[in-house]
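In what follows, every heavy atom counts, from backbone to side chain, and hydrogens, waters and symmetry copies are set aside.
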Amino acid sequence: MDLQLDEMQVMLRDSARRYIKESHSFERRAKLLGTKGAESIWQDLASLGWLGLNIPEAAGGVGAGEVETALIVEELGRGLVTEPYIATAVAATRVLADVSDQIPFAASKMKEIASGALRVSIALSEPASHFNFFVPAAWAVGSDEGWTVSGSKRLVLGGAADAFIVSASVLDQLCLFWVEAGSPALSVRSYSTFDDHRSADLTLDRTPAELIAFGDAAIAVLQRMLDHATVAICAEAVGCISGALATTIDYVKVRSQFGKTLAEFQITQHRLGNLFVQADRARSMLLYGLSALSDPSQASFGVSAAKVKIMEVARYVCGECVHQHGGIGMTSEYPVGHYLRRVLMLEKLLGDGTTHLRRVMRRWTRRNNGL
């Protein structure tokens, strides 16, 4: 895999960074939270073509790759953007693209996503699942009138949306279903998480649904989606690291103690130097995770290894940046603490550190034993 960005990728990254700087400052973000004005951000993402990055050109998208997606998500993380980009533009579109040959409505749904008219969330987590997404407790029943799904989903990735991709079991087989949000048999409780993003809990009671993947095909689609979405989560964490470091550098250049700016003290220089080394380690692991996606046999191992290390670094770097700010770093009016809160939430999305470390160790053991 070529780790050098080409000219188009550099332009994409620079345009994303410029948009965040000009249209999504921290002050504007604070004003938009919880208001209908946030819808303008989503429409901006659509008009810029970012919602269609993972959608094939035949379905109205750009047909770009995982590197372009990571570049966008990293800048969204740097800008603390709270729109459900990963849930809709990465996870949902990945599922729909994989099933588009078998599911007639998949292409039209992807076109709606690319235009910004449709938001789709991924409902996998359950009260007792502990990140085991392949054995859902929710169940589905088929009849002459179609499929219905029953069960509960928690911490839905992306929060309340226009539609949901829901996992459920049918005769002990994993299945993926498309569920419209407007169904009277679906109860949605939406709420804000401590990082200012949105999540939701679903209660399904014989809710009408469309089957989109069954059995081994569903396992393959779900695994591919989890790998790509997890790398996107890693990219957002790297963006949070970059944003926290930039904020801290600006602060120590102007904050004075004993007649000097903090940046002039040797201990500050050494601590920040260490943080930059750690940030480079995180970025290297992101590149490793991206390269692993190109090899299906190595994808899950590489992605899990990347998430374990990146989240370890992100917690450390963002925590140290808050510490460098002192008391102001703990206030909600200042951005550096928001990076730390977002990183702590990202660490729990689609599998925590323990879950991914166990996956890495199982694969490592199998490899060393020649299995």
Drop me the distance from Asp162's CG to Ser121's OG, to the nearest 0.5 angstrom.
8.5 Å

Assess the residue pair Ile113 and Leu96 against the criterion (side-chain contact (heavy atoms from CB on, under 4.5 Å)); give the C-alpha distance rounded to whole Å, side-chain angles, the decisive distance to 0.1 Å, and a yes or no.
CA-CA 11 Å; Ile113 290 174; Leu96 291 171; 3.8 Å; yes

Report, as yes or no, whether the 6.0 Å neighbourhood of atom CG on Asp172 holds more than 12 heavy atoms from other residues, nucleotides or ligands.
no

Just by distance, no angles: are the side chains of Asn54 and Thr69 close enough, under 3.5 Å, to form a donor-acceptor pair?
yes

Strictly by modelled atom types, are Arg359 and Ser304 linked by a side-chain donor-acceptor pair under 3.5 Å?
yes

Could you work out, with ring-ring contact (aromatic ring centres under 6.0 Å, His included) as the rule, every residue matching Phe26, not counting sequence neighbours?
His338

Suppose we screen for salt bridge (Lys or Arg N to Asp or Glu O under 4.0 Å). Which residues come up paired with Arg255, at least two apart in sequence or across chains?
none

Identify the heavy atoms of Met225 and Val95 that sit nearest to each other, and give their distance.
CG-CG2, 3.7 Å

Using a 3.5 Å distance criterion without hydrogens, assess whether the side chain of Thr203 forms a donor-acceptor pair with backbone atoms of Ser187.
no

Is the shortest side-chain heavy-atom distance between Arg358 and Arg362 below 4.5 Å?
yes

How close do Met311 and Ala237 get, heavy atom to heavy atom, and via which atoms?
CE-CB, 3.6 Å

Is the CZ atom of Arg281 crowded by more than 12 outside heavy atoms at less than 6.0 Å?
no

Distance check, rounded to the nearest 0.5 Å: Ile86 atom CD1 versus Leu346 atom CG?
6.5 Å

Do the side chains of Arg342 and Asp196 get close enough for a salt bridge, i.e. N-O under 4.0 angstrom?
no

With hydrophobic residues grouped by side-chain heavy-atom distances under 4.5 Å, do Leu204 and Val156 end up in a single group?
yes

Assess, by modelled atom type and distance only, whether the side chains of Ser152 and Glu126 contain a donor and an acceptor separated by less than 3.5 Å.
no

Out of Val317, Val336, Val322, which one pairs with Thr248 under the side chain to side chain contact (heavy atoms under 4.5 Å, CB included) rule?
Val336

Please check this pair: side chain of Ser129 against backbone of Asn132, looking for a donor-acceptor N/O pair closer than 3.5 Å.
no

Would you mind reporting whether Pro84 and Trp42 have side-chain heavy atoms less than 4.5 Å apart?
yes

Run the ring-ring contact (aromatic ring centres under 6.0 Å, His included) test against Tyr334 and tell me which residues pass, sequence neighbours left out.
His325

Could you note down all residue pairs passing side chain to side chain donor-acceptor pair (under 3.5 Å) where residues 308-321 supplies at least one of them, sequence neighbours left out?
Arg271-Glu320, Asn274-Tyr316, Lys309-Glu312

Taking only residues two or more places apart in sequence, or in another chain, which ones meet Ala89 in a side-chain contact (heavy atoms from CB on, under 4.5 Å)?
Leu51, Tyr85

Side-chain touch Pro335/Arg29, heavy atoms, less than 4.5 angstrom
no

Single-linkage hydrophobic cluster, 4.5 Å side-chain cutoff, Phe134 and Val99 together:
yes

Sequence neighbours excluded, the answer for side-chain contact (heavy atoms from CB on, under 4.5 Å) partners of Met11 is Glu7, Met8

Salt bridge present between Asp201 and Lys153 (N-O < 4.0 angstrom)
no

Criterion side-chain contact (heavy atoms from CB on, under 4.5 Å) on Glu66 and His228, from CA distance to verdict
CA-CA 7 Å; Glu66 54 272 4; His228 282 259; 4.0 Å; yes

In Å and rounded to the nearest 0.5 Å, what is the CG to CG distance from Leu53 to Leu12?
6.0 Å

When you measure from the side chain of His356 to the backbone N and O of Val308, does any donor-acceptor pair fall under 3.5 Å?
no

For the atom pair OG (Ser300) and CD (Gln223), what is the distance rounded to the nearest 0.5 Å?
3.5 Å

Under a 4.0 Å N-O cut-off, is there an ion pair linking Lys109 with Glu180?
yes

When you measure from the side chain of Tyr339 to the backbone N and O of Gly239, does any donor-acceptor pair fall under 3.5 Å?
no

Distance col, row Gln298:CD vs Ser291:OG, nearest 0.5 angstrom, shows 10.0 Å

List the steps and the verdict of side-chain contact (heavy atoms from CB on, under 4.5 Å) for Leu5 and Val67.
CA-CA 9 Å; Leu5 298 181; Val67 174; 4.1 Å; yes

Side chains of Phe177 and Ser167, heavy atoms from C-beta outward: is any pair under 4.5 Å?
no

Do Leu176 and Val166 come within less than 4.5 Å of each other through their side chains, counting heavy atoms only?
no

Determine whether Ser169 and Leu174 make a side-chain contact, defined as any pair of heavy atoms from C-beta on separated by less than 4.5 Å.
no

Sole candidate of Phe164, Trp147, Phe105 that passes ring-ring contact (aromatic ring centres under 6.0 Å, His included) when paired with Trp178
Phe105

Heavy-atom distance under 4.5 Å between the side chains of Val149 and Trp139, does that happen here?
no

Between Arg94 and Arg224, does the side-chain contact (heavy atoms from CB on, under 4.5 Å) criterion hold? Intermediate values first, please.
CA-CA 8 Å; Arg94 181 62 59 185; Arg224 178 174 165 83; 2.8 Å; yes

The residue among Arg283, Arg13, Arg17 that forms side chain to side chain donor-acceptor pair (under 3.5 Å) with Glu74 is Arg283

Does some side-chain heavy atom of Val73 sit less than 4.5 Å from a side-chain heavy atom of Ile233?
no

Is the closest side-chain donor-acceptor distance between Asp227 and Thr230 under 3.5 Å?
no

Using modelled atom types only, decide if a donor and an acceptor are shared between the side chain of Glu75 and the backbone of Ile72 within a distance under 3.5 Å.
no

If hydrophobic clusters are built from ILVMFWY residues whose side chains come within less than 4.5 Å, do Phe276 and Val313 share one?
yes

Val90, Val120: one ILVMFWY side-chain cluster at the under-4.5 Å cut-off?
yes

Under a 3.5 Å cutoff, is there a donor and acceptor pairing between the side chains of Asp352 and Thr354?
no

Would you call Arg198 and Glu83 a salt bridge, using N to O less than 4.0 angstrom?
no

Donor-acceptor contact below 3.5 Å, side chain Gln9 vs main chain Asp6:
yes

So, does Thr355 use its side chain to make a donor-acceptor pair with the main chain of Gly353 at under 3.5 Å?
no

Would the number of heavy atoms belonging to other residues, nucleotides or ligands and lying under 6.0 Å from CZ of Phe194 be above 12?
yes

Which value, rounded to the nearest 0.5 Å, describes the distance between Lys307 atom NZ and Leu286 atom CG?
13.5 Å

Under a 3.5 Å distance rule, please check whether Gln43 uses its side chain to pair with a backbone N or O of Gly116 as donor and acceptor.
yes

Establish whether Val179 and Ile212 are linked, either directly or via other cluster members, by ILVMFWY side-chain heavy-atom contacts under 4.5 Å.
no

CD (Glu264) with more than 12 external heavy atoms under 6.0 Å
yes

